[in-house]
Amino acid sequence: MSKLHAIVIGAGFTGVAIAHDLALRGFAVTVVERGPIVNGTSGRTHGLLHSGARYAVNDQESAIECIQENQILRLIVPDAIEPNGGLFIGITDEDMAYREKFIEGCAACRIPIKELTPQEALRLEPNLNPKLQTAFTVPDGTFDPLRLALAFAASAKSNGAVFHLYTDVVDLLTDGQGNIVGVKAWDRATDKRFEIRGDIVVNATGAWVGHITSMAGISVPITPTPGVMVAYDQRLTQRAINLLNKPGDGDIVLPQRRMMVVGTTSFTIEDPDYVPVYEDHVQLMIERGSNLIPALRQTKERGAYMATRPLIGASAPGRSISRTFKAYDHKETDNVEGLVTITGGKATTLRLMAEKTVDLICKKFNLNIPCTTAETPLLSYRKFYVN
Amino acid sequence: MTEEKWTVKFVIFRKKGDQPPRYDSYVLEVDPDEYVIDGVERIWAFHDRSLIFAHACHHSTCGACGMRVNDVEKLTCITKIRDVTTNGGSLKIEPLRNFPIIGDLVVDMTRMYAAMDRVHAKAVHPLSAAPLEGEGIRPPKDVPRNNGDEYLRLADCIECGLCISACPVAGTAENYLGPAVLAAAQLQGLKHNPDLLDLVDCADGLWRCHSAYECTAVCPSNVDPGWRIMDLRRQVVGERIKRWFVKA
């Protein structure tokens, strides 16, 4: 039997993880991406390998996904991760009022935490706000977004996946009855147009899923929700530092290479293609970030950027929407065969998002092939370029 | 940042497939404190969807967005427009040199990745393998520890290719390993990695370097490849002398 051919639209975190999973399960895979690897939301992530503790009180489904995937990614892709852990620090009495709920939530989600005295915390991280009242260790980490994605893409490529980068999907191919049988592509590197036919098209375009589904006359309830992040020119801690409180603006500061990155804000938009970095958001980052690490005020801004989260659901305020993900079989939802959409989720859960999506695809084709990505170490990111 | 607005002409190198290259101009209103990559992305978003350019993290951790800006190699996500032009001025944006062009501003950096792979450059290493801010280039004496274990961090070198583009030697010797690669070998040390000796101690290795230090001038990530190549020469001479005694 010849291999089933899957076309994956998008080489963000979800797309590359799906390509890897599909290739491991025996599919022929073609990835079509309009820019380079992770040029959209995924590349511009904060870089926090979540322990799940941030969601342990309000969004336990996401929290449990995060802690499980955190432990898997540390094993399968160590060369993209700084595995130094994180701290949640409580500074004000209001923060301390969150302490009990935080302990209960982490226990419910099986996130290992340990409470430190302020003195112990300051010994570990001398640049923390000295007014802190408590601190909890959590198994956070930091990752390099491009190298994380390239490791998945390299592994997919070694199993036969073909990547068309700088190639737009300009339309979907149909069978004349509205079912999807492929894509019309425009390779912008060579200015060539061509068609790709496949057995299934996977729409893994994150905040842009609506652009693709609209080509089939389908709408998906997605709220593009950007946030601003700012990088500063000095490494002031070894761990990711989180505010012990419910998720809010600028309450995570994390080290990466020689930098600190503060994030983020949250607002909703219509079109995610270009969102400016707003000056008042940058100011907010230094104010909130220096609440956790006062010495940030003495550092120089190195970069400021914006990324658009693809949150599932419409018209609810950004922070109240769950950070979990959803895969849609458009045969089930819209009676259109041949198209699957995956969106939502977080960088930390990219592998799991791919597993669930490929499970759904296997079920459609009556295949019973188990997922093995959790046990399969990824190739070095450089193998995407070097055979 | 300020409310200040500048008018800047972006002059962008364009090339598609086998077609001859050309330059296209776009006049943009910008905030001078925006970064060069923001202007390039806006040209794609609002003026010309056929433009291709490489980028990912927008804060200098991934090394994807290296370009030549007014003839100098820059990581465009951390290069403020204010620092490279003036109000009413222009910005010439070209792809990196010494790599094959895929299209427009995108180059194929396989040459560098392959060589980094050959010297098995580490992507993540212990804190002591490179100093933090303000401690000079040598490893610090006091490395903070995490309950006995040393902290790990992502390497300084982000493999952006700026040093290879700026290197006057890399342009004429296509097999030259290049500054980033020799710096990665130096960082690991020949003493603990004797298999690297033959790779770097050859005509296409560190003796090809003419000490122009262009690599160090353009490095956006504190690697200082020029200094590291000189130090690697010292290491090579040391290993050669040692081998001479061992053979005798």
Side-chain angles (χ1 to χ4, degrees), chain A residues 35-39 42-45 47 78-85 124 142-147 149 165-166 168 186-192 229-231 233-235 238-239 255-259 261 273-274 276-277 279 282-283 302-307 380-386, chain B residues 1-3 16-19 31 33-35 37-38 41-42 44-46 49-64 77-78 102-104 106 108-110 112-114 116-117 121-124 127 130 132-134 144 146-147 151-156 158-159 221-222:
Chain A
I37 303 274
V38 292
N39 67 85
S42 303
R44 287 173 244 194
T45 170
D79 67 356
I81 294 173
E82 296 186 1
N84 300 329
L124 286 178
T142 303
F143 61 83
D144 174 314
L146 180 57
R147 281 153 184 84
L165 302 180
Y166 306 103
D168 289 28
W186 172 32
D187 178 342
R188 284 149 52 228
T190 56
D191 198 17
K192 297 269 187 332
M229 284 148 281
V230 185
D233 213 356
Q234 201 173 347
R235 188 180 173 108
Q238 303 309 327
R239 290 168 184 74
Q256 198 175 59
R257 301 191 195 273
R258 291 187 190 224
M259 294 176 276
V261 184
D273 267 1
Y274 186 85
V277 174
E279 172 55 19
V282 174
Q283 287 304 324
R302 184 165 167 88
Y305 60 109
M306 182 285 314
S380 153
Y381 64 90
R382 291 191 197 110
K383 299 293 181 192
F384 184 72
Y385 302 99
V386 188
Chain B
M1 282 192 209
T2 56
E3 294 295 307
K16 300 290 183 195
D18 301 332
Q19 296 168 27
D31 175 334
D33 288 315
E34 280 184 289
Y35 296 93
I37 193 71
D38 297 327
E41 189 170 37
R42 259 208 319 278
W44 164 81
F46 300 117
R49 287 284 173 137
S50 71
L51 177 68
I52 69 168
F53 59 103
H55 63 126
C57 78
H58 288 233
H59 68 288
S60 80
T61 206
C62 83
C77 67
I78 55 168
I102 290 173
D104 296 342
V106 181
D108 175 0
M109 297 204 290
T110 300
M112 177 189 62
Y113 292 114
M116 291 299 268
D117 220 33
K122 299 271 190 301
V124 174
L127 219 50
L132 287 172
E133 210 67 44
N146 182 14
N147 299 326
Y151 293 107
L152 299 179
R153 77 176 179 96
L154 290 155
D156 277 335
I158 54 175
E159 299 172 23
S221 203
N222 309 291

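Here is the naming used below: chain letters follow the sequence lines, and residue numbers restart at 1 for every chain. Note that these values count all heavy atoms, side chains included, but never hydrogens, waters or copies made by symmetry.
Only the side chain of A/R147 has a heavy atom closer than 4.5 Å to any heavy atom of chain B. Residue A/A189 touches chain B through both its backbone and its side chain, counting heavy-atom pairs closer than 4.5 Å. For B/F53, the part sitting under 4.5 Å from any heavy atom of chain A is the backbone (N, CA, C, O) and nothing else. Using a 4.5 Å cut-off between heavy atoms, A/M306 makes no contact with chain B at all. For A/P78, the part sitting under 4.5 Å from any heavy atom of chain B is the backbone (N, CA, C, O) and nothing else. For A/A80, the part lying under 4.5 angstrom from a heavy atom of chain B is the backbone only. Contacts between A/S42 and chain B at a heavy-atom distance below 4.5 Å are absent for every atom of the residue. B/A45 touches chain A through its side chain: at least one heavy atom from C-beta onward sits under 4.5 Å away, while N, CA, C and O do not. In this structure, chain A has no heavy atom under 4.5 Å from any part of B/M112.
Listed by chain and residue number, A/Y381, A/R382 satisfy the side chain to side chain donor-acceptor pair (under 3.5 Å) test with B/E159 (two or more places apart in sequence, or in another chain). Scanning for salt bridge (Lys or Arg N to Asp or Glu O under 4.0 Å) contacts around A/D168 gives A/R188, with sequence neighbours left out.
Remark: the backbone N or O of A/E82 is not paired with any side-chain donor or acceptor of A/T142 at under 3.5 angstrom.
Atoms CG and CZ, on B/N222 and A/R258 in that order, are 4.0 Å from each other to the nearest 0.5 Å. With rounding to the nearest 0.5 angstrom, the CG atom of B/D108 is 9.0 Å from the OH atom of A/Y385. Taking CZ from B/R153 and CG from B/L127, the interatomic distance works out to 6.0 Å, rounded to the nearest 0.5 Å.
When A/V261, A/I81, A/L165, A/D187 are compared by the number of non-hydrogen pairs under 4.5 Å with chain B, A/I81 comes out ahead. With chain A as the partner, the residue from B/V124, B/L152, B/T110, B/L51 showing the most heavy-atom pairs under 4.5 Å is B/L152. Each of B/C77, B/G63, B/G103, B/C57 has some count of heavy-atom pairs under 4.5 Å with chain A, and the biggest count is that of B/C57.
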